[in-house]
Amino acid sequence: MLWSDMERFGRILDPWREFERMSRAFSRGASPSAVEFPAVNIWVSGDDALVTAEIPGVAPDSIDISVIGNSLTLRGSRQPEPLGEGEAYHRRERWQGEFAKTVDLPFAIDAAKVEASSSRGILRVKLPRAEADKPKKIAVKSA
């Protein structure tokens, strides 16, 4: 019996494995969803949060950053590379188009003090914690 026959037999016995294989194969051909692009990391301290996002090929002036409460939304677009006369793609894997991603932070943000910068395809967004959301120390008075 050939190995491929054994694989087919195994798929019959494990339909979930076959479903996962088909799901992975299908998702390879799909464009990135809002959940996947851009990839982000979030660091949190007592007074602020730092969000970094990978945005290669995205012009900084095409990025829209908005903050509402404790949610940060990144929107933008990556334009296709122009082809010269007589050129055609041989292989095209890089995603292009519009994206939007919203991430929730563990505290409310002071939107007036948010700072953003971009360098070498990495977006850095510093998000200061709102004063009203910072913990307050309460003094205990003796009676």
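For this chain, numbers begin at 1 and follow the sequence in order.
A single hydrophobic cluster is not seen to contain both Val58 and Ile122; linkage of ILVMFWY side chains at heavy-atom distances under 4.5 Å, directly or through other members, places them apart.
With a 6.0 Å radius and a threshold of 12 heavy atoms from other residues, nucleotides or ligands, Ile68 has its CD1 atom at or below the threshold. Annotation: Lys136, atom NZ; neighbour count of heavy atoms from other residues, nucleotides and ligands within 6.0 Å is above 12.
Pro82 is not listed as a side-chain neighbour of Glu87, based on a closest heavy-atom distance of 4.5 Å or more. Arg129 has its side chain out of reach of Asp110: every pair of non-hydrogen atoms, C-beta onward, lies at least 4.5 Å apart. In this structure, Lys101 and Pro38 have side chains that are in contact, with non-hydrogen atoms separated by less than 4.5 Å.
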Val40/Val103 under side chain to side chain contact (heavy atoms under 4.5 Å, CB included): CA gap, chis, key distance, verdict: CA-CA 9 Å; Val40 299; Val103 293; 4.1 Å; yes
message = Apply side chain to side chain contact (heavy atoms under 4.5 Å, CB included) to residues Ile63 and Ile65 and explain how you reach the verdict.
response = CA-CA 6 Å; Ile63 302 168; Ile65 301 170; 3.9 Å; yes
Might you work through the side chain to side chain contact (heavy atoms under 4.5 Å, CB included) test for Val114 and Val125, ending with a clear yes or no? CA-CA 7 Å; Val114 173; Val125 183; 3.7 Å; yes
Practice problem: Start with the C-alpha distance between Leu50 and Ile42, add both sets of side-chain angles, then the distance that settles side chain to side chain contact (heavy atoms under 4.5 Å, CB included), and finish with yes or no. | Solution: CA-CA 6 Å; Leu50 176 65; Ile42 303 172; over 6 Å; no
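Not one N or O on the side chain of Lys113 forms a donor-acceptor pair closer than 3.5 Å with the backbone of Pro128. Looking only at distances, a side-chain donor or acceptor of Asn70 sits under 3.5 Å from a matching main-chain atom of Leu105.
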Side-chain donor/acceptor pairs under 3.5 Å, residues 71-78, sequence neighbours excluded:
residue, atom, partner, partner atom, Å
Ser71, OG, Asp104, OD1, 2.6
Thr73, OG1, Thr102, OG1, 2.9
Ser77, OG, Gln79, NE2, 3.1
Arg78, NE, Trp95, O, 2.8
Arg78, NH1, Pro56, O, 2.7
Arg78, NH2, Trp95, O, 2.9

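Remark: Arg91 engages Glu93 in a salt bridge (Lys or Arg N to Asp or Glu O under 4.0 Å) (not counting sequence neighbours).
Taken from NZ in Lys126 to CH2 in Trp43, the straight-line distance is 14.0 Å, to the nearest 0.5 Å. Atom-to-atom distance recorded for Ser118:OG and Ile55:CD1 is 4.0 Å, nearest 0.5 angstrom.
Residue pairs that meet the side chain to side chain donor-acceptor pair (under 3.5 Å) test with at least one member in residues 51-66, sequence neighbours left out, do not exist here.
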